[in-house]
2 protein chains.
Amino acid sequence: MSKGQQTRAIILTEALRAASVEGFQGISIGMLADRLKMSKSGLFAHFGSKEELEKTLLDEAARRFMEAVWQPAMKAPRGRPRIEILFSSWLAWSINHEDLPGGCLFVALASEVDDKPGPVRDHLAELQTQWQAMMMRSAQIAIQEGHFRADLDPRQFAYDLQGIFLAMNYYRRLLRDGAAVQRAEASFRSLIERAAALH
Amino acid sequence: MSKGQQTRAIILTEALRAASVEGFQGISIGMLADRLKMSKSGLFAHFGSKEELEKTLLDEAARRFMEAVWQPAMKAPRGRPRIEILFSSWLAWSINHEDLPGGCLFVALASEVDDKPGPVRDHLAELQTQWQAMMMRSAQIAIQEGHFRADLDPRQFAYDLQGIFLAMNYYRRLLRDGAAVQRAEASFRSLIERAAALH
DNA sequence: ATACTTTACGAACGGTCGTTCGGAAGGGCA
DNA sequence: TGCCCTTCCGAACGACCGTTCGTAAAGTAT
């Protein structure tokens, strides 16, 4: 790895941390440069514009998300076990205070960019649409495997799962409810039971 | 109403609209002054600091929320009917594009301020804690009235309701899913059925 | 109408923002 | 080693930020 790619990776890691806490509006080139003890212009040169940095951050976050959440799930057996791993990895991703001290970056950014037309919004919306599709597809597989009811609506399943996750973030980060994760797990178990095929 | 209170009210209405779209970080004194065709310093004088403006906005939003969501519910019969009105008013509040073109202000702010210690964060967290308590209390009343199962956990009920609402905002505003409201209503019906007492 | 207070304005403050540019230092290959 | 090209820096840019201040105008009460 060349010197440039090396510092670029360091910048991305630090910027992801900062963005998970402050959002894209809250991070600035100067602040990142200070934290990394380099010059504003030096850091800036790696991306050419702040918008380009933001798009790069979205890609890097998506890459890490796939690695931390999706890949473990794909190693699990198809159907219900896979969905259970998917959800627990998802929770763990959001709670991982090392890489994302401000919690899930996508949640932090959703409200910030949803009304700002532009490539950053488009990029995030596409990533999140893909994520909904992945959850939906996982539910379809669980139906195929006979784990879930045949008349289950996979889209509604993905919607409910997303709601449980968003509520967890909200309870945990804003309300500082120590039981947020347990509540999420309780809702998840209830959702799975309702989805499960009868025996 | 004196002249000062009058312009103050106009400022608040415009600032609420702007904040629902851009968040507190995204609004500035100068931008609001431009939109209202008045001077920066003239607008500023009404609040003394931006933080004071933000706190005032939270209070004003809470006042309107009570008026639009809570009061209609309190007029409905105790128990299940009240909870149904509560939820539909809540959805309507979030979709009211006139006053809040960027959707529910509290949702928009939650991620923005949850990691920023200070009076604004404290204020929002308290308002939202109260809101959770109101939902919980409504569920308790529904149990008392015999509409909901006696072993229902009201806290978990409030958590699930919050999740349905957050997912609706997320699907509607970021993913631009036209069916977001229907999905929310479907999840709500399912939640109510599970909570309902058996006959 | 007079006197006093409230309300609004324009100019200016130090600071930070993203961005540009010319040049110095250092890594990577011949 | 010598050379080039990547990497990084410092200084400066115009724009905007929240905030301060002195002052003029408008509102309000007697």
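Protein chains get the first letters and strands the later ones, always in sequence-line order, with residue 1 at the start of each. Both backbone and side-chain heavy atoms feed into the values below; hydrogens, waters and symmetry mates do not.
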d([atom1], [X]; [atom2], [N]) in whole Å:
| X | N | atom1 | atom2 | value |
| --- | --- | --- | --- | --- |
| B:Q5 | D:dT28 | CD | P | 10 Å |
| A:L43 | D:dG10 | CG | C1' | 15 Å |
| A:M38 | C:dA25 | CE | P | 17 Å |
| B:F24 | D:dG18 | CZ | P | 13 Å |
| A:M1 | C:dG27 | CE | P | 16 Å |
| B:R8 | C:dA8 | CZ | C1' | 16 Å |
| A:K37 | D:dC9 | NZ | P | 13 Å |
| B:D34 | C:dG10 | CG | C1' | 14 Å |

Seminar exercise, completed: For DNA chain C, the dot-bracket notation using Watson-Crick and G-U wobble pairs below 3.5 Å, [ ] for pseudoknot-type crossings and | for other-strand pairs, is |||||||||||||||||||||||||||.|.
Please confirm whether the shortest side-chain N or O distance from [X] to OP1 or OP2 of [N] is below 4.0 Å.
| X | N | result |
| --- | --- | --- |
| A:S2 | C:dG28 | no |
| B:H46 | C:dT6 | no |
| B:T7 | C:dT7 | no |

Can you tell me how the ring of [X] sits relative to the ring of [Y], calling it parallel under 30°, perpendicular over 60° and tilted otherwise?
| X | Y | value |
| --- | --- | --- |
| B:F87 | B:F188 | parallel |
| B:F65 | B:F106 | perpendicular |
| B:W131 | B:W70 | perpendicular |

Exercise. Any salt bridge between A:R63 and A:E60, counting N to O under 4.0 Å?
Worked result: yes
Exercise. Salt bridge check: are A:R189 and A:E193 linked by an N-O gap of less than 4.0 Å?
Worked result: no
Under 3.5 Å, which N/O atoms of the protein pair with N/O atoms of nucleotides 14-19 of chain C?
unit_1	atom_1	unit_2	atom_2	d
C:dC17	OP1	A:S28	OG	2.6
C:dG18	OP2	A:I29	N	3.0
C:dG18	N7	A:K40	NZ	3.2
C:dG18	O6	A:K40	NZ	3.3
C:dT19	OP2	A:K50	N	2.7

Problem set entry | Closest-nucleotide 5' rank along DNA chain D - winner of A:K3 and B:K3 | A:K3
Exercise. For B:Q130 and B:E126, does a side-chain donor sit closer than 3.5 Å to a side-chain acceptor?
Worked result: yes
Problem set entry | From CA spacing to verdict: salt bridge (Lys or Arg N to Asp or Glu O under 4.0 Å), A:R64, A:E67 | CA-CA 5 Å; A:R64 295 188 186 197; A:E67 206 173 294; over 6 Å; no
Exercise. Do any pairs count as a side-chain hydrogen bond (donor to acceptor under 3.5 Å, both in side chains) and have a residue in residues 27-40 of chain A, sequence neighbours left out, and if so which ones?
Worked result: A:E14-A:R35
Problem set entry | Smallest separation among heavy atoms of B:G178 and B:Q182, with atom names | O-OE1, 3.6 Å
